[in-house]
2 protein chains.
Amino acid sequence: MNQRPALSKAEMEIARIVWDLQTATVRDVLESLPEGREIDYKTVQTFLRRLETKGYLTSKRSGRSLLYTAKVRPSQVIHETVKDFVGRLFDGEALPLVEHLIREQGLKEDDLQQLKDMLSHLESEQTIPE
Amino acid sequence: MNQRPALSKAEMEIARIVWDLQTATVRDVLESLPEGREIDYKTVQTFLRRLETKGYLTSKRSGRSLLYTAKVRPSQVIHETVKDFVGRLFDGEALPLVEHLIREQGLKEDDLQQLKDMLSHLESEQTIPE
DNA sequence: CGAAAAGGCATACACACGTAAGAGATTATG
DNA sequence: CATAATCTCTTACGTGTGTATGCCTTTTCG
C-alpha cells in the first residue's frame, strides 16, 4: 500500500515545515525553524534532498533555487506514522493510547469538554455512509 | 529529569517483552517474540545488553545466565515516549492526537462507549488536587 | 567421557541519521 | 568588474541501529 521509507525524527521536523509553508526553498525552511534550533543551511538542504529521494517531497526549479512541496498528503503521512506508533507501543489498540492521553498527558478541563462535544457529535453523524 | 538515551524501535520491542515477562533471560525473550519475527539469539542478547547500558534494564546473574528486569518503570518510559511523539507530531498538543485517533484510527462503537464512560467518571473525580 | 548445546563478552559490519564541508555556478554589490 | 554571497550537487564523517559472528566457558547428553 504505502512504501516510502519511514521518516526519521529530524526528517519529520523538516517535512512538517514544508507542509506548513506549502512550498518552500531551503532558505524558507531554514528561516522557519523554531527559535533555538540552530542548524546549517547545508543540513537543511540535505534533509530536503533526502525527503525528495524518499518520495515525500518533489522539487521544481525556480530560478537558481529549488521549490519543494509535498508529494504525499501530510494527513496520509501523519496517519501512517500514528498507526505505526500505536502498533509498536500499544499493540495497535488506539483506545489505550487515548486513555493514556486523557489520564496522564495534558488533557485539561477545556480539552475534555471539547472531547465530549466531539463524541456527542459523532453520535449524530453515526454510521456515516461512505 | 530523565536522560537515558532514547529507545529505538527494535529496542522498544524487546523492552516491552521484558516488561511483560517481568524478568527474563535472553532465551525467554527470544521465545516470546511474536510469530514470524525471526531474530537470532545473539541479536536479542545484544539488545538486552544495550538496554542495560542505556539504563532501562538491570541484570542479575542466575546460574550461568542473566536475568533482566526493568530498571525504569515501564509506564514512565511509555509516558516519555508518548510525550516525545506528541511533541514532534502534534506540537505537544494531546487533543489533536486524540481527535485523530477517534476520527481516523480504529476507534469502534464499543471503544467510543468506553471512552464516554471514562469521561463521565473523570467528571466525578474532577479537580484532583496536585 | 567427549562432543554438542547453551551462555556470556567482545567485536563486526553495513546502512541509516544528523550534521556539514568542498567544489563549482550564478547573482548581487561595493 | 572583482569579490562576496547564494545556490546546487557531491562527498564526508562520527554515531546509532539492526543483525550477527568469534571465542571462550560451562552444561548436558549419547
Side-chain angles (χ1 to χ4, degrees), chain A residues 3-18 21 23-34 36-69 77 81 84-85 87-89, chain B residues 3-18 21 23-34 36-69 77 81 84-85 87-89:
Chain A
Q3 253 36 310
R4 280 145 268 117
L7 290 182
S8 72
K9 298 189 176 199
E11 283 166 351
M12 179 64 83
E13 183 194 8
I14 300 299
R16 292 190 66 216
I17 294 178
V18 177
L21 299 176
T23 177
T25 64
V26 176
R27 190 149 301 273
D28 293 338
V29 172
L30 183 66
E31 284 166 0
S32 300
L33 286 171
R37 179 69 162 106
E38 297 290 337
I39 146 182
D40 196 274
Y41 182 95
K42 302 299 189 79
T43 304
V44 174
Q45 198 175 32
T46 299
F47 279 129
L48 289 173
R49 208 173 338 96
R50 284 184 187 166
L51 283 168
E52 181 165 21
T53 309
K54 286 194 175 182
Y56 289 90
L57 302 180
T58 32
S59 66
K60 180 162 47 183
R61 182 155 237 113
S62 158
R64 61 168 165 162
S65 53
L66 295 174
L67 289 183
Y68 288 92
T69 62
V77 179
T81 307
D84 174 70
F85 184 76
R88 289 185 299 95
L89 229 73
Chain B
Q3 252 36 307
R4 282 146 267 119
L7 290 182
S8 73
K9 299 189 177 199
E11 283 166 352
M12 179 65 81
E13 184 195 7
I14 300 299
R16 292 190 67 217
I17 294 177
V18 177
L21 298 175
T23 179
T25 63
V26 176
R27 189 147 303 271
D28 293 338
V29 172
L30 183 66
E31 283 168 0
S32 299
L33 285 171
R37 178 68 162 105
E38 297 290 336
I39 145 183
D40 195 273
Y41 180 95
K42 300 299 187 85
T43 303
V44 174
Q45 197 174 35
T46 299
F47 279 129
L48 290 173
R49 208 170 341 94
R50 285 185 187 167
L51 283 169
E52 180 165 22
T53 309
K54 287 194 175 183
Y56 288 90
L57 301 181
T58 30
S59 67
K60 181 162 44 183
R61 182 155 238 110
S62 158
R64 60 167 167 165
S65 52
L66 294 175
L67 289 183
Y68 289 90
T69 62
V77 179
T81 307
D84 174 72
F85 184 77
R88 289 185 299 96
L89 228 74

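So you know, we letter chains A, B, ... as the sequences are listed, proteins then strands, and number each from 1.
Under 3.5 Å, the side chain of A:Arg64 and the base of D:dT6 form at least one donor-acceptor pair of N or O atoms. If you check distances only, the side chain of B:Arg49 never reaches the base of D:dT19 with a donor-acceptor pair under 3.5 Å. Donor-acceptor pairing under 3.5 Å, judged by distance alone, is absent between the side chain of B:Arg50 and the base of D:dG16.
Under a 3.5 Å cut-off, the side chain of B:Glu52 and the backbone N or O of B:Ser59 do form a donor-acceptor pair.
A:Glu11 pairs with exactly one of A:Lys54, A:Arg49, A:Arg50 by the salt bridge (Lys or Arg N to Asp or Glu O under 4.0 Å) rule, that one being A:Lys54.
Put simply, A:Arg27 has a side-chain N or O that comes within less than 4.0 Å of OP1 or OP2 on D:dC7. Between B:Arg37 and the phosphate of D:dT19, there is a side-chain N or O to OP1/OP2 separation shorter than 4.0 Å.
Of all non-hydrogen atoms in A:Ala15 and A:Leu51, the two that sit nearest each other are N-CD1, 3.9 Å. Minimum heavy-atom separation, A:Leu30 to A:Ile39: CD1-O, 3.2 Å. In terms of heavy atoms, B:Arg4 sits closest to B:Tyr56 at NH1-CE2, 3.5 Å.
Protein chain B touches strand DNA chain C; the 5'-most and 3'-most nucleotides with an atom under 4.0 angstrom of its non-hydrogen atoms are C:dA6 to C:dA12.
Atoms CZ (A:Arg61) and P (D:dT8) sit 7 Å apart, rounded to a whole Å. D:dT15 atom P lies 17 Å from atom CD of B:Glu11, rounded to whole Å. Following rounding to the nearest Å, B:Tyr56 (OH) and D:dG16 (P) show an atom-to-atom distance of 13 Å. Atom-to-atom, CG of A:Leu66 to P of D:dT6 comes out at 17 Å; the value is rounded to the nearest Å. If you measure from atom CD of B:Glu38 to atom P of D:dT19, you get 12 Å, rounded to the nearest angstrom. Distance CD (B:Gln45) to P (D:dG22): 15 Å, rounded to an integer number of Å. The interatomic distance linking A:Leu67 (CG) with D:dC7 (P) rounds to 12 Å, in whole Å. The distance from atom CG of B:Leu51 to atom P of D:dG18 is 10 Å, rounded to the nearest whole Å.
Across all strands shown, B:Thr25 has no heavy atoms under 4.0 Å from either base or sugar-phosphate atoms. Across all strands shown, B:Tyr41 has heavy atoms under 4.0 Å from sugar-phosphate atoms exclusively, and none from any base.
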> Where do B:Asp28 and B:Thr23 land on the side-chain contact (heavy atoms from CB on, under 4.5 Å) test, with the steps shown first?
Replying inline: CA-CA 9 Å; B:Asp28 293 338; B:Thr23 179; over 6 Å; no
>> I'd like to know whether B:Val29 forms a side-chain contact (heavy atoms from CB on, under 4.5 Å) with B:Val18, so could you lay out the CA-CA distance, the side-chain angles of the two residues, the decisive distance to 0.1 Å, and finally the verdict.
In response: CA-CA 7 Å; B:Val29 172; B:Val18 177; 3.9 Å; yes
>> Before you tell me yes or no, could you show the steps for B:Phe85 and A:Thr81 under side-chain contact (heavy atoms from CB on, under 4.5 Å), namely the whole-Å CA-CA distance, both residues' side-chain angles and the distance that decides it to 0.1 Å?
In response: CA-CA 10 Å; B:Phe85 184 77; A:Thr81 307; 3.9 Å; yes
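Each of A:Thr43 and B:Lys42 has a nearest nucleotide on DNA chain C; the 5'-most of these lies closest to B:Lys42. DNA chain C is contacted by both A:Gly63 and A:Leu7; A:Leu7 maps to the nucleotide lying nearer its 5′ end (nearest heavy atom per residue). The residue among B:Lys54 and B:Asp40 whose nearest nucleotide of DNA chain D lies closer to the 5′ end is B:Lys54.
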